[in-house]
Amino acid sequence: MSSLHVTCPGGSYEVVIESGGLQSLGSRIQSLLKPARCLLVADSSIVDDHLPVAVESIESAGMELARCTVEADESRKRISTVEAVFDEALKAGLDRHDCIVSIGGGLVGDVAGFAAASYLRGVDFIQVPTTLLAMVDASIGGKTGVNLPLPGGALLGKNLAGAFWQPRLVLADPSVLSTLDPRELRCGLAECIKHGLIGDPELISLISSERDALLEADPAATSMLVERAVQVKIGIVEEDEREAGRRVVLNLGHTFAHAIETDESLDLKHGEAVSIGLVAATALAEHRGMIEGDWADGLRDLLAGIGLPVSLPLARDPAELVTRMRFDKKVHSGRHRLILPSCPGRVDCIDDVDEESIHHAWMQVMPS
Ligand code: GLY
């Protein structure tokens, strides 16, 4: 078991990483917050596997439990889903001393966190991430939110409405990863590689050397990975809780990813879109002469060796993708701000990336 402390102005909390730790959820909530009631917001995809353990743990710790389910689908990451959580909270009579607990992937955590941030102007929130991606990234840092329909209504703009709301506890149980869809596990590995590129080159070496054990969700390998990747995330959010500076580096690959992941015909999960985004960001850095050393091909090989996409599954008009990136929150006064890597462990925030270079980067990830 390891417990990593997060200190932010908006709240300090522990990230507990414990194989089998799900059984201790109720007693941990009880000793930390002593609520009379919990609303458990569960990811629909985990209902059969781990939900009964969480339910039993909360009930046997003496709290009244209300439950609702959120479908882990980008199209459901909407204000209307947050309203549905409010309805359940009201029906259960949740008051300001009670708490909302999310169990599942990042999407459910973002929705439940936004509901916790705004219900009664804010109630305590606990994150129980059950995907690798959520354990190492989405559950930590306090960003919560939902997508909004873009003008025209056909596409969703990612996370355009939300709040910073730090959880009171994050409980990650790596043993649950053994039942995770292998595709989701690979998505989490993309996010871990991103963390390595940002701040821990040895994390990339670890993923490369332990690749097969990680793909089998070996508990020792995944626990080590989660702890190391979480440390990168904590270091960044502690320095910059509200994305006023350093935190922006976490967007490495994400501005590209956001332009493709809501395109339903591409059928990409977030981590898969991030994988393509990492390749595109690296290609853009190469185009600008920023890359030091010859690691870029190795990164592409590592992602592909894990089974992650390194190009779009279907061709898309690069000009349209560039246009879509203009709706991203990181566009300031019409200039694109992108995070670009120079070598594993070092990235820079480039404020004035021209659209011709972005067009070139998209061309590098078109299907051959
Ligand atoms: N909740 C994810 C983050 O704050 O980065």
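Heads up: numbering here begins at 1 and tracks the sequence. For ligands, and for the atoms within them, numbers begin at 1 and follow the listed sequence. Both backbone and side-chain heavy atoms feed into the values below; hydrogens, waters and symmetry mates do not.
Nearest protein neighbour of atom 4 (O) of ligand 1, counting heavy atoms only, is Lys143 N, 2.8 Å. Looking from atom 5 (O) of ligand 1 to the surrounding protein, the closest heavy atom is Lys233 NZ, 2.5 Å.
Heavy atoms from other residues, nucleotides or ligands lying under 6.0 Å from CD of Gln23 number 12 at most. More than 12 heavy atoms of other residues, nucleotides or ligands sit less than 6.0 Å from atom CG of Asp317.
Residue Thr144 does not touch ligand 1, judged by heavy-atom distances below 4.0 Å.
Annotation: the span from Leu169 atom CG to Ile126 atom CD1 amounts to 4.5 Å, rounded to 0.5 Å.
An N or O contact shorter than 3.5 Å links Gly142 to ligand 1 by distance. Considering backbone and side-chain N/O of Arg247, one or more are found under 3.5 Å from N/O of ligand 1. The distance criterion of under 3.5 Å between nitrogen or oxygen atoms is met by Ala138 with respect to ligand 1.
The closest donor-acceptor contact from the side chain of His195 to the backbone of Val136 lies under 3.5 Å. Distance alone, capped at 3.5 Å, places no donor-acceptor pair between the Lys77 side chain and the Asn147 backbone.
Counting only N and O atoms by type, the side chains of Thr131 and Glu184 include no donor and acceptor under 3.5 Å apart.
The ligand atoms of ligand 1 that sit less than 4.0 angstrom from a heavy atom of Ile140 are 1 (N), 2 (C), 3 (C), 4 (O), 5 (O).
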